[in-house]
Number of protein chains: 2
Amino acid sequence: MATIRDVAKLADVSVSTVSLALSNPARVSQKTREKIRQAIAAVGFVADPLAQSLARGRSRMIGFVVGNVGNPFFGDIRRELENYALDHEHFVVVTDSSGKTDRERAMVEHLIGLKTAGLALAPSGYDQDYVAFVAGLNVPIVCFDQKVAGIERDFVGSDNYLAGAMLTEHLLQLGHRRIAFITGPSHMHTATERYRGFAETMANAGIDVNPNFVVDGQFTRTAGYEAAMRLLIQHERPTAILGANNTVALSALQAMQELGFRCPEDISLAMIDNVQWSSVITPRITMVVQDTLALGSIIARRLMHRIRSPQGAVEPPEDFVLAPKFVPGNSCRRI
Amino acid sequence: MATIRDVAKLADVSVSTVSLALSNPARVSQKTREKIRQAIAAVGFVADPLAQSLARGRSRMIGFVVGNVGNPFFGDIRRELENYALDHEHFVVVTDSSGKTDRERAMVEHLIGLKTAGLALAPSGYDQDYVAFVAGLNVPIVCFDQKVAGIERDFVGSDNYLAGAMLTEHLLQLGHRRIAFITGPSHMHTATERYRGFAETMANAGIDVNPNFVVDGQFTRTAGYEAAMRLLIQHERPTAILGANNTVALSALQAMQELGFRCPEDISLAMIDNVQWSSVITPRITMVVQDTLALGSIIARRLMHRIRSPQGAVEPPEDFVLAPKFVPGNSCRRI
DNA sequence: TGATCAAATCGAACCGGTTCGATAGAACGC
DNA sequence: GCGTTCTATCGAACCGGTTCGATTTGATCA
C-alpha cells in the first residue's frame with residue numbers, strides 16, 4: 001500500500017505539501033498540485049482512514065445504534081440516514097444491541113473509541129446511570145424513537161399519545177366500549193404515551209376501563225401472546241383489542257386464531273406501527289403508522305448539521321415530533 | 001483522555017513496558033505489573049483502539065456485509081455471529097449495501113481501510129470484475145448465502161437444489177401436475193439452483209413444464225407481483241405456484257387475494273425461505289427453510305478460526321452446505 | 001534596487017499506540 | 001571468580017497521516 005511519503009518522494013515535494021494539497025487544494029500552486037495528482041495516480045495512493053482519524057481526532061463514520069436492525073421501522077430510518085450520509089461523504093456503521101443496555105453501552109463506547117463523527121441512537125435504557133452515560137458522551141448525538149427523560153439531546157420521534165388516541169377514537173366511533181389494551185414496558189416513553197392516549201380518550205368518552213383489560217405485553221412476542229391469552233379467556237371478554245405495537249398485536253392475532261376466534265367478526269384488532277407484509281396478513285390490520293422516511297430524513301439532516309457546521313455543534317437540543325398516520329384495514333368491525 | 005504515556009510516567013516505567021504488560025503480562029515481573037495496574041486505574045486509562053489498529057495493522061472489528069439487514073435470514077445470522085464474536089473480544093459492524101454492487105464495494109473497501117480483522121460477506125455481484133475484486137482482498141473472508149463461481153473463499157450456505165426439489169416433490173405427491181415456478185435473478189446461485197431442483201424433479205417425474213409457467217420474479221416484490229399476475233391471468237392456469245423465495249411467494253399470495261383466488265382451494269402455494277410472522281399469515285404457507293442458526297454458527301466459527309489461528313489463515317477454502325428443512329403449512333391441497 | 005508582504009512550501013512535532021533490538025542485572029555453571 | 005544465559009526493562013523507530021510555525025520564493029511598491 002502506497003503511503004503519502006511515497007507520493008511526496010515521487011512528486012519531489014514534502015509530505016506536508018501533499019497533505020495540504022489533498023485537504024486544501026487552494027493553498028497549493030497549480031503546478032505542484034498537478035505534480036502531486038500524477039504521483040498519486042502513479043503509485044495508487046489512497047489515504048489510510050485510520051491514520052487520518054487518529055491524527056484528526058475525528059473520523060467520517062456515523063454510528064447507528066438500535067436494539068433491532070431487523071425491525072423495518074429502524075430499517076427505513078437507517079436507509080434514509082445512509083443515503084444522506086453517503087451524499088456527504090460519511091459512512092454509516094450499524095450496531096445492534098439486541099435491546100440490552102450494557103451491550104449498547106459497550107458498542108457506543110467502541111464507536112466513540114473509533115472517533116465516530118456522530119451517533120444516531122435509539123436509547124435502550126432509562127435509569128439515572130444511563131442518562132448520565134449519554135450525557136457524558138462528547139460527540140454529536142441525535143436520539144430517536146424513545147424519548148428518555150433527562151437526556152438533553154436532539155430527539156426525533158412520533159406523537160405516540162396521538163397514535164394511541166387515534167386508534168381508540170376509531171374503535172369508539174365503531175361502537176366499541178369494551179376495548180382492551182396490550183401495553184409495552186412501563187419504562188418506555190412510547191409505551192406509556194400510547195397508553196396515555198388510550199386511557200385519556202376512554203376517560204374523555206366517559207368510559208371506565210375494566211382493569212383486566214389492560215395487560216402487559218412488554219412489546220415482545222412471548223409476553224404479548226401471554227397477555228392476549230389472558231384477555232381471551234375472560235368470560236366478559238373485550239370486543240376490541242388495541243396493541244401498543246406491532247409485535248404484541250400480531251401475537252394477539254395469533255392467539256385469537258389458535259383459540260378459534262375470528263377477527264374482526266368476534267374481536268376487532270388494531271395496532272400501532274406497521275409490519276412487513278401487512279398486506280398479506282388476513283385480516284389486514286387497522287393501524288397507525290409512523291412516517292419513517294420523514295423521521296429518517298430529519299435524523300440525518302440534524303445529525304449532519306451538528307457534525308459539519310460549527311454553530312450546529314453548539315445549538316441547544318431540539319425535539320422533532322411528527323404526527324403518525326391512520327391506515328385503515330379490515331380488522332375492526334362496527335358493533 | 002489518559003494515554004499510555006501518562007500511565008508510564010505515573011508507574012515510573014517506560015511506555016514499552018506498559019504496552020508489554022498489557023499485551024503479554026507473563027513477560028513482566030509481578031511487581032511492575034502491579035504498579036502499572038494501579039497507575040492505569042488511577043488515571044483511568046483505556047487504550048485507543050484506533051492507535052492500536054494503526055500500529056498493529058489489524059483491528060478487532062468484524063465486518064458484516066449484506067444486501068438487506070432487514071431480512072430476518074440475515075438477522076439471525078448476524079445475531080449468531082455477533083454473540084460469538086463478542087465472546088472472543090471482537091466487535092461486529094454491520095453494513096447494508098441495499099443489494100448494490102458498487103455500494104457494497106465501497107463499503108468493503110472502507111472496512112478494509114479500517115483494518116477489519118475479517119469479513120462475513122453475502123456477495124451481491126457475480127461478474128468477472130466482482131470475482132477479481134473479492135479475490136484481491138487480503139483479509140479473512142467467509143462468504144455466505146450466494147455461492148459465486150470463481151470466488152475462492154470459504155462458503156457457507158444451504159443446499160438450494162434440494163430446497164427446490166423438496167417442495168416440487170411435495171406438490172407432485174399431492175397430485176399437482178401444472179406447477180408454476182417464480183424464479184429469481186439468473187445470476188444468483190440460489191435462484192438457479194432452486195430452479196434446477198424444480199426442473200429436474202419435474203423432468204424425473206416425466207412431466208413437461210409449460211414454458212408459460214416459469215416466470216421471472218427477480219426475488220423482488222414488484223417483479224414477483226407482476227410475475228404472479230402473468231400466471232393468474234392464463235386461461236389454463238397452474239394448480240400450484242412455487243415461489244423461489246419468500247418475497248416472490250408472498251407477492252403471489254397478495255396477487256391471488258386481490259384477484260379473488262382462494263389459497264389453497266383454487267391454487268396451492270409453497271415457498272423457499274421463512275418470513276417474519278409467517279404464523280399469522282393466512283393460509284400458513286408450506287415452505288422449506290434454511291437453518292439460519294447453524295449457518296450463523298458455522299460462519300462465526302470459521303471466520304474467527306481464520307482470524308485467530310495462524311494455520312487457520314492459510315487453510316484452503318472450504319464449502320459448508322447445509323440441508324434445508326421442510327415446514328408444512330396449509331397452503332397446499334391435495335388434488 | 002532594496003524593503004515589504006503575501007503565497008507556497010517545508011520540517012518537525014504530534015496523534016497514541018506497538019515492536020524489536022539493545023542493555024543492565026540476576027542467576028547459574030564450572 | 002568469571003564467562004554465560006536468562007529475565008526484565010528500556011529506547012527508538014514505526015504505523016500513516018495532520019498541523020502549525022518557520023522559511024523560502026516571488027511579486028509589489030517606493
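In what follows, every chain begins at residue 1, and chains take the letters A, B, ... in the order their sequences are listed. Remember, it's a predicted structure, so these values are computed and weren't measured experimentally. Atom set for the values below is all heavy atoms of this structure, side chains included, hydrogens, waters and symmetry mates excluded.
- Taking atom CD1 on B/Ile36 and atom P on D/dA8, their separation rounds to 13 Å, with Å as the unit.
- Contact annotation: A/Gln52 does not reach the phosphate of D/dG16 (side-chain N/O to OP1 or OP2, under 4.0 Å).
- Side-chain N/O atoms of B/Arg56 and base N/O atoms of C/dG17 include no donor-acceptor pair closer than 3.5 Å.
- Comparing C/dG17, D/dT18, D/dA8 by their closest approach to the side chain of B/Ser29 singles out D/dA8.
- Of all non-hydrogen atoms in B/Leu322 and B/Ala294, the two that sit nearest each other are CD2-CB, 3.4 Å.
- An OP1 or OP2 oxygen of C/dC10 is reached within less than 4.0 angstrom by a side-chain nitrogen or oxygen of A/Ser14.
- If you measure from atom CD of B/Gln30 to atom C1' of D/dT9, you get 16 Å, rounded to the nearest angstrom.
- Taking the nucleotide of DNA chain D with the nearest heavy atom to each of A/Thr3 and B/Ala26, the more 5' of the two is matched to B/Ala26.
- Between A/Leu54 atom CG and D/dT19 atom C1' the separation is 13 Å, expressed in whole Å.
- Candidate nucleotides D/dG16, C/dT18, C/dG16 were compared by shortest atom distance to the side chain of A/Ala55, and D/dG16 ranks first.
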(Q) Between B/Glu34 and B/Arg37, does the salt bridge (Lys or Arg N to Asp or Glu O under 4.0 Å) criterion hold? Intermediate values first, please. (A) CA-CA 5 Å; B/Glu34 178 58 19; B/Arg37 205 190 52 68; 2.8 Å; yes

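- A salt bridge links B/Lys147 with B/Asp319; the closest basic N to acidic carboxylate O contact falls under 4.0 Å.
- The side chain of A/Val28 sits closest to C/dT9 out of C/dG17, C/dC15, C/dT9.
- Atoms NZ (B/Lys115) and P (C/dG17) sit 17 Å apart, rounded to a whole Å.
- Residues A/Ser23 and B/Arg33 each lie close to DNA chain D; by heavy-atom proximity, the contact nearer the 5' end of the strand is made by B/Arg33.
- One can place NZ of A/Lys31 at 13 Å from C1' of C/dA7, the figure rounded to the nearest angstrom.
- In the interface, the side chain of A/Ser19 is not paired with the base of D/dG17 through any donor and acceptor atom under 3.5 Å apart.
- Of all nucleotides listed (C/dT19, D/dA8, C/dT9), D/dA8 comes nearest to the side chain of B/Thr32.
- Separation of atoms CZ (B/Phe64) and CE (B/Met107) is listed at 13.0 Å; rounding is to 0.5 Å.
- Picking from D/dC10, D/dT18, D/dG16 the nucleotide with the shortest atom distance to the side chain of B/Val13 gives D/dC10.
- When heavy atoms are screened at a 4.0 angstrom cut-off, A/Leu20 is found touching base atoms of the nucleic acid.
- Nearest to the side-chain atoms of A/Arg27 among the listed nucleotides D/dG11, C/dG17, C/dT9 stands C/dT9.
- Atom CD1 in B/Ile4 sits roughly 19 Å away from atom P in D/dC14 (whole-Å rounding).
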**Q.** Audit row: A/Asp12, A/Lys35, salt bridge (Lys or Arg N to Asp or Glu O under 4.0 Å) steps and yes/no
**A.** CA-CA 8 Å; A/Asp12 196 31; A/Lys35 269 198 306 185; 5.4 Å; no

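- Among the atoms of the strands shown, none is found under 4.0 Å from any heavy atom of B/Val7.
- Atom CZ of A/Arg5 and atom P of D/dG16 are 8 Å apart (whole Å).
- Counting atom types as modelled, A/Ser16 pairs a side-chain N or O with a base atom of C/dG11 as donor and acceptor under 3.5 Å.
- Relative ring orientation between B/Phe74 and B/Phe144 is described as perpendicular, the plane-to-plane angle rising above 60° on a 0-90° scale split at 30° and 60°.
- Rounded to a whole Å, the CG atom of A/Asp48 is 18 Å from the P atom of C/dC15.
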